2 protein chains.
Amino acid sequence: MTSAPYASRERSTKERILGAAEALFATHGFAGASLRQVTAAARVNLAAVNYHFGSKDKLIEEVFRRRLDELNTRRLAALAKVAGQEDTSLEDVLDAYIRPALDLSRNDGGGAAFVRVLARAYAEHNETLRKFLSENYGHVLRQFAGEFARLLPGLAKEEIYWRLDIVTGALTYAMADFGVIQRKNDVDERDHRETAAEHLIRFAAAGLRNPSVSTSTATR
Amino acid sequence: MTSAPYASRERSTKERILGAAEALFATHGFAGASLRQVTAAARVNLAAVNYHFGSKDKLIEEVFRRRLDELNTRRLAALAKVAGQEDTSLEDVLDAYIRPALDLSRNDGGGAAFVRVLARAYAEHNETLRKFLSENYGHVLRQFAGEFARLLPGLAKEEIYWRLDIVTGALTYAMADFGVIQRKNDVDERDHRETAAEHLIRFAAAGLRNPSVSTSTATR
DNA sequence: CGTATTCTCAAACGATCGTTTGATTCTTAC
DNA sequence: GTAAGAATCAAACGATCGTTTGAGAATACG
């Protein structure tokens, strides 16, 4: 049909591998999911992974690149709509940061799994992965930090990075549905994530607005 | 010397295994750290793990039980000092929740590693582990939720669990030092965690105090 | 058409995994 | 001192891991 060889399968071999890898990495982790599980789920030959991607590590990187590029683009696009304007609120910027991740998690079948994979990446101490994420994620974080600095002139730049770090951690945690609290069975997964995002935005906004204090113990 | 057989080593075989496992699980994850790595780091024989613990899964459970019991006890003790009193502030209760984890992370050599292991447990989807953690962690969370409910009469019980879930996620994230922001090299690890705890307490308090809103989109 | 290239496939590679075995060494108790 | 028990050890078990191989099937291109 198109130019793809061995074509006219429902999806190409590379895409099927990426989809299966994403789902299995989310469930069992990078070390816990084997290439035999991945290729079996994708209904492709075992050797296809090393043929199309070179190695398991390269496959992991490709799983990230596919979604992360889109997530970063959406976040920056949402930020561009509100950045620098007078009537922009803190909630608007936080929404630009959180909403794309929420949308990603419910658009197609694989997005929800990727959010969990993203949380894995933070938990894994893999230096290669950390470096890869920092390169693709760092400039987005920097742009958001710049806008937050504009809206929060009372906070030092370093303080903003601190708080943004907490927000990102809480976001990753909430989005990945790693809470101890298990949602009721009659509540849909979408509603669950939507509610989580609403709470998180209000929570984060209140935390970011909190005025900075001098270096002392937090209590008493 | 004492009653321990093969004794008068610096520490017993079981404790050496637990310590080495804790450190390696924190660095490489449960699936990523092998028993050969663990036993080599502990300078014990490979078969010692299955002899003393029965299996790798049982070893993982024991790594958690050792620290989690102490963490839960400290948290409940700290909560008991401020619970039910008139002049208790939200920051006090949050401090009772966060401070023990901070102390644990810097007391001895293994505590800091365990906090990272704890974060791993949230990331791992292992059902056995989740169940184990829920059993040892659930009643503590419930007691804190009760005290928060007293201090925040305007919030529904379910709303409090939501926000506490976010706090726990952010705490785990911050404590495990999983941020993208890397601290300056001249800042000590202890100061780093202390600063993180201060930020987190102020952040969480502001987020918890935020009045509840009706079910609508968070922004606009 | 025929040749070249791309892709798939079954099979096997060596390495490593968790676990088990059986002999050996140390400790305890009478 | 000696038997019973607990702990350690080297070695091997079968299973699974990521990766490689070489032949064969499907496609592309002249």
Side-chain angles (χ1 to χ4, degrees), chain A residues 1-25 27-64 117 120 124 126-129, chain B residues 1-25 27-64 117 120 124 126-129:
Chain A
M1 189 152 288
T2 63
S3 64
Y6 259 62
S8 70
R9 210 81 67 94
E10 36 176 336
R11 281 152 67 223
S12 73
T13 298
K14 288 185 70 168
E15 283 174 352
R16 299 235 305 282
I17 292 176
L18 285 173
E22 188 173 61
L24 285 168
F25 288 157
T27 309
H28 302 106
F30 303 111
S34 70
L35 292 186
R36 282 171 177 82
Q37 288 178 272
V38 170
T39 53
R43 281 174 292 114
V44 299
N45 189 270
L46 170 63
V49 169
N50 281 281
Y51 176 80
H52 287 286
F53 299 97
S55 67
K56 185 180 182 179
D57 284 339
K58 294 288 183 61
L59 169 63
I60 294 175
E61 282 192 10
E62 208 54 37
V63 166
F64 276 94
V117 173
R120 290 271 185 184
E124 299 273 345
N126 190 317
E127 200 56 42
T128 309
L129 213 58
Chain B
M1 189 152 288
T2 62
S3 64
Y6 259 61
S8 72
R9 211 81 68 91
E10 35 177 337
R11 280 151 68 220
S12 73
T13 299
K14 286 186 69 169
E15 283 173 352
R16 300 236 303 283
I17 293 176
L18 284 172
E22 189 173 62
L24 286 168
F25 288 156
T27 309
H28 302 105
F30 304 110
S34 69
L35 291 186
R36 282 171 177 81
Q37 287 179 273
V38 170
T39 52
R43 281 174 293 114
V44 300
N45 188 270
L46 170 63
V49 169
N50 282 280
Y51 177 80
H52 286 286
F53 299 96
S55 68
K56 185 180 183 181
D57 284 338
K58 293 289 184 62
L59 170 63
I60 295 175
E61 282 192 10
E62 207 54 35
V63 167
F64 275 93
V117 174
R120 291 272 186 184
E124 299 272 346
N126 190 316
E127 200 55 43
T128 309
L129 213 58

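Because the structure is a prediction, the values reported are computed rather than measured. The chains referred to below are lettered A, B, ... by the order of the sequence lines, with proteins before strands, and numbering in each begins at 1.
- Neither OP1 nor OP2 of D/dA7 sits under 4.0 Å from any side-chain N or O of B/Thr13.
- In this structure, the side-chain contact (heavy atoms from CB on, under 4.5 Å) partners of B/Leu46, at least two apart in sequence or on a different chain, are B/Leu35, B/Arg36, B/Thr39.
- Considering only heavy atoms from C-beta on, A/Lys56 stays 4.5 Å or farther from A/Phe30 through its side chain.
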(request) Using Watson-Crick or G-U wobble pairs with both distances under 3.5 Å, give me DNA chain D in dot-bracket, 5' to 3', with [ ] for crossers and | for pairs to another strand. (result) ||.||||||||||||||||||||.||||||
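- Rounded to whole Å, atom C1' of C/dC9 lies 14 Å from atom CZ of A/Arg16.
- The closest side-chain heavy-atom distance from B/Gln37 to B/His28 is below 4.5 Å.
- Within residues 47-58 of chain B, the residues that have a heavy atom under 4.0 Å from DNA chain D are, in order of number, B/Ala47, B/Tyr51, B/His52.
- Contacts of B/Ala23 classified as side-chain contact (heavy atoms from CB on, under 4.5 Å), with partners at least two apart in sequence or in another chain: none.
- Taking the nucleotide of DNA chain C with the nearest heavy atom to each of A/Arg36 and B/Gln37, the more 5' of the two is matched to A/Arg36.
- In terms of phosphate contacts, B/Ser34 brings a side-chain nitrogen or oxygen within less than 4.0 Å of OP1 or OP2 of C/dC17.
- Note: B/Leu18 CG to B/Leu59 CG = 6.0 Å, rounded to the nearest 0.5 Å.
- Taking atom CG of A/Leu46 as the reference point, atom P of C/dA11 lies 13 Å away to the nearest angstrom.
- Note: CG (A/Leu59) to P (D/dG18) measures 10 Å, nearest angstrom.
- Across D/dG18, D/dA10, C/dC9, the shortest atom-to-atom separation from the side chain of A/Asn45 is found for C/dC9.
- Looking at residues two or more places apart in sequence or on another chain, you find a side-chain contact (heavy atoms from CB on, under 4.5 Å) between B/Asn45 and B/Ala47.
- Looking at residues two or more places apart in sequence or on another chain, you find no side-chain contact (heavy atoms from CB on, under 4.5 Å) involving B/Ala40.
- A distance of 9.0 Å separates CZ in B/Arg120 from CZ in A/Arg120, rounded to the nearest 0.5 Å.
- In summary, of the residues considered (B/Val117, B/Val38, B/Thr27), a side chain to side chain contact (heavy atoms under 4.5 Å, CB included) with B/Glu22 occurs for B/Val117 alone.
- When the C1' atom of D/dT16 is taken as reference, atom NE2 of A/His28 falls 15 Å away, rounded to whole Å.
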